[in-house]
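One structure is given below, encoded as structure tokens.
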Amino acid sequence: MTKLHKAYIGGQWLAGNQGSFEVDDPATGEIVAKVADVSLEQVEQAIEAAHQAFGSWRRLSAQERADLLLAWYHKVGENRQRLAEVITLESGKPIAEALSEVDYGASYLRWYAEEAVRANGRTLPTLPGGRRPMTLKQPVGVVGVITPWNFPLAMIARKVAPALAAGCTLVIKPAAETPLTALLLTGLAEEAGLPPGVINLVPGTDAATIGHRLCTHPKVRKLSFTGSTAVGRILMAQSASGIQRLSLELGGNAPFLVFDDANLEAAVEGLIASKFRNSGQTCVCANRILVQRGIYDPFIRRLKTRMASLTLGPGSLPGADLGPLISDRAIARVESLVDQALEAGAVKTLGAGRVGEASRYYSPTLLESVTPQNPIWSQEIFGPVVTVTPFDTEEEGIALANHTEAGLASYLFSDTLSRAMRVAESLDYGMVGINEGIISSATAPFGGIKSSGLGREGGQEGLDEYLETKYLCLGGMG
Ligand code: ADP
């Protein structure tokens with residue numbers, strides 16, 4: 001077993017006490033690596049190591065922590081191509097997308113290095129009796145992190161960078177589908193000089209046991225999770241015992257509104273960018289396309305032409321727009337969602353389903369006449385399937401857009417400023433892309449409302465997730 005495939009606990013690379021598990025290449029189904037499968041005892045060891053390291057990590061100056069984050073950022077830059085190739089190998093996404101994921105993930109390391117020195121408290125106006133109030137910002141403590149497979153690097157960087165900037169230490173469980181990127185990223189953190197125990201990586205297959213321990217161990221003060229709403233609910237319930245702090249970035253069901261006054265070309269390009277990134281496997285992918293009646297026919301014509309031009313192929317193939325879906329289970333789920341949608345009255349006007357018998361490639365598919373009663377309406381599709389619903393008035397469009405439990409990303413296309421503002425203010429979502437299909441950035445607070453979760457990642461808000469506010473009251477000050 002090579003160093004790359006071991007767990008990283010307290011600065012040591014360790015074999016898994018439960019043996020190892022296999023990682024496959026979604027493009028071929030071939031096993032490409034074996035990775036340490038940690039035991040519950042090893043998770044506890046990692047928590048202890050993070051707790052030990054917390055004492056000294058929090059006491060470093062903010063500038064010292066920032067310098068280490070920057071050193072890690074530079075290591076990631078130097079290994080950009082290598083990281084991207086590993087992302088493509090284990091997640092299947094096109095290499096161009098993998099490269100942009102590396103840049104995007106790295107941008108969090110740099111941004112939070114810069115923000116680490118701005119975790120300011122406040123001094124408040126004098127109180128009666130000569131008392132002086134003030135506040136300090138202090139790190140929450142040890143943080144448990146659980147991440148999904150769709151952005152194997154960025155989902156880790158987005159949590160770890162602000163946590164480290166704040167002075168927290170971490171135990172990270174990557175998705176079992178994509179641990180190799182996490183291992184490489186962790187190795188680069190070690191090379192950059194992050195002290196032992198500050199980040200610990202526990203790959204494993206028994207997610208429920210690892211998750212339970214991270215939620216209930218008294219030394220883990222916060223959990224940050226990105227994944228499905230179903231698992232988020234379990235984690236939230238488990239975290240109740242220790243009143244643990246939570247950041248939950250859960251499933252979305254993004255509406256994509258196209259109004260009669262939209263720039264048609266921009267709307268179609270925005271949709272292609274939002275819908276087909278990672279073959280439709282992101283939580284902010286456009287999921288329900290709502291098109292005003294006056295622009296419906298030309299929009300669909302242009303969209304079909306554009307969808308038909310997308311190239312499917314292994315992520316390593318230059319020029320591939322869409323790679324395979326992550327797993328056999330994932331493609332079977334998309335097939336069944338489409339079957340159910342057709343049974344419920346949707347009309348397929350483009351798409352040839354699975355390409356090849358045992359493959360994980362699914363051809364870009366267009367379903368029209370989708371109604372809110374159709375079961376696909378309330379599902380996060382996680383595949384290259386566009387569902388379209390026409391509407392007449394602005395009010396109807398907004399009502400349809402809000403007709404879901406989810407509240408993560410939403411999109412609207414209109415060239416009328418007053419309408420764009422009115423609609424954006426009426427959308428029950430944490431984020432609104434206005435004439436834009438790609439919205440995520442290290443500078444901006446990413447996150448959802450309703451069943452899409454709690455908390456924000458990115459921006460100043462992202463640092464606050466890892467800080468407690470302590471109030472000091474100084475008496476006898478005259
Ligand atoms: P997906 O279906 O997209 O894989 P999940 O929510 O199942 O989404 O997975 C996201 C992350 O949560 C992964 O790291 C996975 O291993 C982990 N996970 C899955 N089930 C649990 C659980 N019961 N407790 C804690 N983590 C879990």
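All values below come from the heavy atoms of this structure, side chains included, with hydrogens, waters and symmetry mates left out. Both counts, for ligands and for their atoms, begin at 1 and track the order of listing. Everything numeric here is computed off the predicted structure, so don't read it as measured data.
A donor-acceptor pair under 3.5 Å is absent between the side-chain atoms of Asn402 and the main chain of Leu427, judged by distance alone. A donor-acceptor pair is defined here as one N or O able to donate and one able to accept, closer than 3.5 Å; such a pair exists between the side chain of Gln244 and the backbone of Val220.
Between Pro195 and Leu68, some side-chain heavy-atom pair lies under the 4.5 Å cut-off. In this structure, the side chains of Trp72 and Val160 come closer than 4.5 Å at one or more pairs of heavy atoms.
Protein residues with a heavy atom under 4.0 Å from ligand 1 are Ile146, Thr147, Trp149, Lys173, Ala175, Ala207, Ala208, Gly211, Phe225, Thr226, Gly227, Ser228, Val231, Leu235.
Cation-pi geometry between Arg158 and Phe446 is satisfied (NZ or CZ under 6.0 Å from the ring centre, within 45° of the ring normal).
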Show the atom names and distances, to 0.1 Å, of all donor-acceptor pairs under 3.5 Å that link a side chain in residues 87-99 to residues at least two apart or in another chain.
{"unit_1": "Thr88", "atom_1": "OG1", "unit_2": "Ala84", "atom_2": "O", "d": "3.3"}
{"unit_1": "Thr88", "atom_1": "OG1", "unit_2": "Lys93", "atom_2": "O", "d": "2.9"}
{"unit_1": "Glu90", "atom_1": "OE1", "unit_2": "Leu180", "atom_2": "N", "d": "2.8"}
{"unit_1": "Glu90", "atom_1": "OE2", "unit_2": "Leu180", "atom_2": "N", "d": "3.4"}
{"unit_1": "Glu90", "atom_1": "OE2", "unit_2": "Thr181", "atom_2": "N", "d": "2.8"}
{"unit_1": "Glu90", "atom_1": "OE2", "unit_2": "Thr181", "atom_2": "OG1", "d": "2.4"}
{"unit_1": "Ser91", "atom_1": "OG", "unit_2": "Ile87", "atom_2": "O", "d": "2.7"}
{"unit_1": "Ser91", "atom_1": "OG", "unit_2": "Lys93", "atom_2": "N", "d": "3.3"}
{"unit_1": "Lys93", "atom_1": "NZ", "unit_2": "Glu101", "atom_2": "OE1", "d": "2.7"}
{"unit_1": "Lys93", "atom_1": "NZ", "unit_2": "Asn150", "atom_2": "O", "d": "2.9"}
{"unit_1": "Glu97", "atom_1": "OE1", "unit_2": "Asn278", "atom_2": "N", "d": "2.8"}
{"unit_1": "Glu97", "atom_1": "OE2", "unit_2": "Asn278", "atom_2": "N", "d": "3.3"}

